[in-house]
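Chain identifiers are assigned alphabetically (A, B, ...) following the order of the sequence lines, protein sequences preceding nucleic acid strands; residue numbering begins at 1 within each chain.
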Amino acid sequence: MSPSPSEDDSDEEPSPRIPQQRIIESSEYPMRVLAGAGTGKTFTMVRKVEHLIDEHDVSPDRILALTFTNKAAASMREKLNEKLGAPGYDVNAYTYHSICHDILREYAYHAEIDPQFDVVNNADRTALIHEALDEITYRFTSPEVYGPDSHADGAAGSLLKFISTMKSKGISPSTIETFLGDADRLLELEALVDRIVDRANETVRVSWRAPSADRLEEMRDGLADLQQSIEDERTALGQTGVEQSVATFLCGMEETCTSLAELLETEEASIIDDEHKPAFRLPAYLFGTYASPPSGIPDSMSVTLTGKLRSFVEECQEAADLVAGYTAYEQRLHEASLVDFADLIGATLDLLEDPNIRAEIAGQYDYVFCDEFQDTDAVQFELVDQLADDDKLFVVGDDDQAIYEWRGAAVENIGHRLEERYETLIPETLEENFRSKQPILDVANNVIAQLEARGSEKELTAVGDAANASDGIATITAAEDDEEQAEQIATAIGRLLAGSLSDVDETYGAGDIALLVRKNRHAKPIVRALEERGIPYQLAGGLAADSVGVETVLAYLKALANPADEVSLNRVLTMRYRLHDVDLRLLNTASDSLSEALQSLPLDQFREPERVRRAREDFQALRAKREIYSVARLFRELKEQTNIDWYLSPQERRDLRTLESLIDSFGEGALQPALDESFLELLSLMESLDDSVAGVQDQAETVSDAVNIMTVHKSKGLEFPVVFLPNLSADQWEPSTRSYDTLGHTLEETAATPLDQDFEKRDEYEARRIFHVAMTRAEEQLVLVGRHADDGGVDDGDLSLSFIDSWLPEQIPWRATGASFPIWQEVTAGLPPTATDWTDEVAPIDGGVDPTISVNGESVPQSVARDRVLALARGLLNGDLDSVSPATAGFAVEALSTDGGPALSHRHSYTSLEKYSQCSRRHYLDYLVRAFEDPQRGDTGSNTVSIRDTGILFHDTAELAAKRSLTSPEKWNDVCDELGRQGSYSAGIVDQAKGCIDRYFSTEASSWEILSAERSFTLDIDGHTITGKIDAVYRNSAGNLVVLDYKATTMQRSLDDNLQLPIYLLACQQLFDERIDEAGYVYVGSVGPDMSTRTFSDDELAQCRQDLLTRLQAAEDSTFDDYTAGDHCQWCPHRSLSCSQTH
DNA sequence: TGTGTCGCCCTTTTT
DNA sequence: GGGCGACACA
């Protein structure tokens, strides 16, 4: 056990390490701690608060601790309480938003807002945005969008994004309006860009292909002309903000003209003699005269000066349109006494401008602690600054884990902004990582080492055993195709779970493994591959959003509640009943309503009447039950009646389980509502929460019994023994620019100009930090899956990007190299020598490629090795191992001889004897040799498996419930849920088991007393031993003992013609003192509910004992050679043997 | 060699 | 709707 002070809440708290201790005990403020991933930053912060209270007698209520999420605030309170007892709760642990909420409530009057204000919820905000949209007149941009169901909900989405970007930077509508000035000027600015391009066409665009000294001379003159024209444009510009910004742009262009002229002069020789020949096209390209990079200019260079300027102008134009919507939105919020999340902070800041109020509020706290400071935005920074009146400020965070810039967070807050605001700031760092092995940290350090403007040059180092570990990194070179990559990953995960990867000693459970994706869509093919292999997985909320199955079930419920809801009904008819198009049209065009048509149209009018009939009957039956059943019951009934599980994937069944738990929570007990209007309201409420059903459940983010799949962003703060990172290729990780950033940034700081930031570079940095966060989630094994981008787009004759860069003047902040993150190239270049390559091991065997594996030092193609193993297995089965030569087997075949070893031992049970009576070969294989089942995927068997699992789950439930003396169906259901979760049964199995419970409770047996459950016995019959388990022994209402066996199958069993019940009774005679002669079956499967028992006379039992003896003796003599072929062969797990071939 | 056109796909998310 | 890559043309 490593002394990990991080997340774990193990009983004994570890003691802080030296650097942590120094921070905890320090009395110096303001202090900033840059704490790397897994270095225990929250631990240190909590301990520091404790230290203040314990050692310095600071009153807990004088301490303010700010975090980002409610969850984090709650956990901090909890931890403090654990350590300090009740005073721990007196520490003011807030989120950045919740403290503002409280302040505004108290000072609403001063803040001039309605004291009854509410925080706007998603639904209301969407409504307000839509109203605000009406106020926008589109002069420059068009509101058209590509589809209402896509992520950014079109016009509303872009307005919302605009507003929240501006608000997070504290920029008001009027600031924007002032900056933009008259709309006509914006049109004029667009024309200005066109004029520059036109001018460039006249001055620097050339038609000749080969440069000469004269031509270059001519072009230098052209550049001078162009520069003059730009200068003229610049001096004609007005004084508004935009125009000044454009003026700065133009300055940069003029500089570029000078610089390019210089290039043509100094490099004249190399341009003429071919080395830098394409440089003569550079001016024309940079000033926008080419639609795409001409030959010689690398395709990857997408930066042109005019392009940059144009997009800035367009951004301003769009802003000019949207600002009206911003104003209207603010207006409506105010009228409705609503504030949004950004207002909470903004209004509080306004309030704090009053020195008296500020003194009052900030005076309540002596110390201010801030967590995750790298995620704060501009207004949150100001808030903290205002509250930390005495500069007793303690800030923790990690600039290397800043991955929320795109939503307004500013990394500079924890960097130079803090340093500038607090000149006496004490910088501290934590670099000891308690989570990962050193090689993992090395790679993680690598990607961020080259970031510029980091707060400090942190380098994570492992402690304890992890520091000396040399393993921990594996790579897989991903196939081009996403599906194939998914196969590779699924294979790797499967092998990991089976413990069969050659260089991994550890065995892992599914819950130990996380798959972290950059984008949601990366998960899709991988999910499919896992599903195919039956590897359990869990998608973190959001990823499961589009579960077709859940939607279909929801539609079914809606249609039942309200048959007039034809949209839902149509959906059900299509998705579940798969009605033919023609039949659907017939139903929809009937004179009656859709639901009436479904019930009344003569079946012979349909093309596929059978499907229509099924839909009709199901719907009718369920409609009738709707009146009498509770929603929860009806839901279960629905699933059973329509057999809808059959149409769902295992994952969709899992999704359905969350829906079920939601329905259960809707109303349990006597007052359970029926499916009615109020339920529909709930449904629409759920759907309006745009993150779908999956988002509603606030379960733990991770599960322990399935592979956790989530985006990197969601994984922040979590840790897993094994982490897979797929899609590591430049084209999947490449940064892309964010909108409104140039404008937002320009408006945010008065001194800033659109020219002083290279946003693409910033995006690249963020991509690196996201990768860093992803890798530092791994404790023991990090699996990197990626490949090189198809092609850099760099031709041999191209100018190099760095050559171009060297001729771009300083005033131009962006570089031709742009934002490129050749992620796989960097990964492969920076691998530790001990990193292993799993690519061959996870290659598909049938895929044409035949990787080699090492057998006794010899390299053998995998297919050959596989054949050898199979030959060996066949030899073993047939008893002719001699036919396998020791040389090819790799070891002496004699080693397998059983001579002198223990004889195959016979252990009998009721089932084994039954198998024997069916086929003695099968008995031999299953119970003596214990052969494994044929590996071929038996599609035929899938149904029986699920019934078998259902039976097992029901039996387990019954056993546990009996042992806990539980007697109500609700309690049994609880037990069933509990076991279902532990055993990673699919949702469908749990449902079916619950159906069994329902049926059990409608039998008489459920009212009897259970004396013993799952009682194991050993019965001796003349030297032969039979073992087994008795499901249950009851005392019936007459006071007699009865042996009962639960049957979850689809068939009844005869009471007379079998040995099972007599065996149990014989066993019970030894186990119980009382006489027991009655036994029978309780049918809880689909043939039930039913129960039948009978009594056995002593004579009958004695006869059975004789029969048993005969069979036992026969079974002991059974060999592989005897077999009975028959119908049973088609279900036999050994059906690839020749004995079954005749059938 | 440069441009036109068609088809394809469409981040990251908390308060 | 729009950006981008793949191909076809002048």
side-chain contact (heavy atoms from CB on, under 4.5 Å) involving A/Ala320 - partner list, sequence neighbours excluded |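 Listed in chain order: A/Arg139, A/Phe140, A/Leu180, A/Leu186.
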Between [N] ([atom2]) and [X] ([atom1]): distance, integer Å:
{"X": "A/Glu372", "N": "B/dT14", "atom1": "CD", "atom2": "P", "value": "13 Å"}
{"X": "A/Glu405", "N": "B/dT14", "atom1": "CD", "atom2": "P", "value": "18 Å"}
{"X": "A/Glu318", "N": "C/dG1", "atom1": "CD", "atom2": "P", "value": "15 Å"}
{"X": "A/Lys714", "N": "B/dT12", "atom1": "NZ", "atom2": "C1'", "value": "10 Å"}
{"X": "A/His522", "N": "B/dT11", "atom1": "NE2", "atom2": "P", "value": "10 Å"}
{"X": "A/Asp340", "N": "B/dT13", "atom1": "CG", "atom2": "P", "value": "21 Å"}
{"X": "A/Ile99", "N": "B/dT14", "atom1": "CD1", "atom2": "C1'", "value": "18 Å"}
{"X": "A/Leu66", "N": "B/dT14", "atom1": "CG", "atom2": "P", "value": "20 Å"}

For the residue pair [X] and [Y], confirm or rule out a side-chain donor-acceptor distance under 3.5 Å.
{"X": "A/Asn708", "Y": "A/Tyr537", "answer": "no"}
{"X": "A/Asp114", "Y": "A/Ser337", "answer": "yes"}
{"X": "A/Gln374", "Y": "A/Gln401", "answer": "no"}

Closest nucleotide of DNA chain B for A/Pro294 versus for A/Ala342: which of these residues is on the 5' side?
-> A/Pro294
Toward the 5' end of DNA chain B, by each residue's nearest nucleotide, A/Phe341 or A/Ile403 | A/Ile403
Using a cut-off of less than 4.0 Å, is there contact between a side-chain N or O of A/Thr711 and OP1 or OP2 of B/dT13?
-> yes
Separation between CG of A/Asn92 and CD1 of A/Ile99, rounded to the nearest 0.5 Å =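 The CG atom of A/Asn92 sits 7.0 Å away from the CD1 atom of A/Ile99.
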Shortest non-hydrogen contact from A/Ala132 toward A/Gly325 = CB-O, 3.5 Å
For the side chain of A/His97, counting heavy atoms from C-beta on, which of B/dT15, B/dT13, B/dT11 is nearest?
-> B/dT15
From B/dT15, B/dG2, B/dT14, pick the nucleotide closest to the side chain of A/Thr95?
-> B/dT15
Which part of the nucleic acid, if any, lies within contact of A/Tyr96, taking any heavy atom under 4.0 Å across all strands shown: a base, the sugar-phosphate backbone alone, or nothing?
-> nothing
Touch class at under 4.0 angstrom, heavy-atom based, for A/Arg769 against every strand present = nothing
Salt-bridged, A/Arg768 to A/Glu826, with N to O below 4.0 Å?
-> yes
In whole Å, what separates the C1' atom of C/dG2 from that of B/dT13?
-> 24 Å
Using a cutoff of under 3.5 Å, can you pull out all pairs of nitrogen or oxygen atoms linking the protein to nucleotides 3-5 of chain B, with atom names and distances?
none

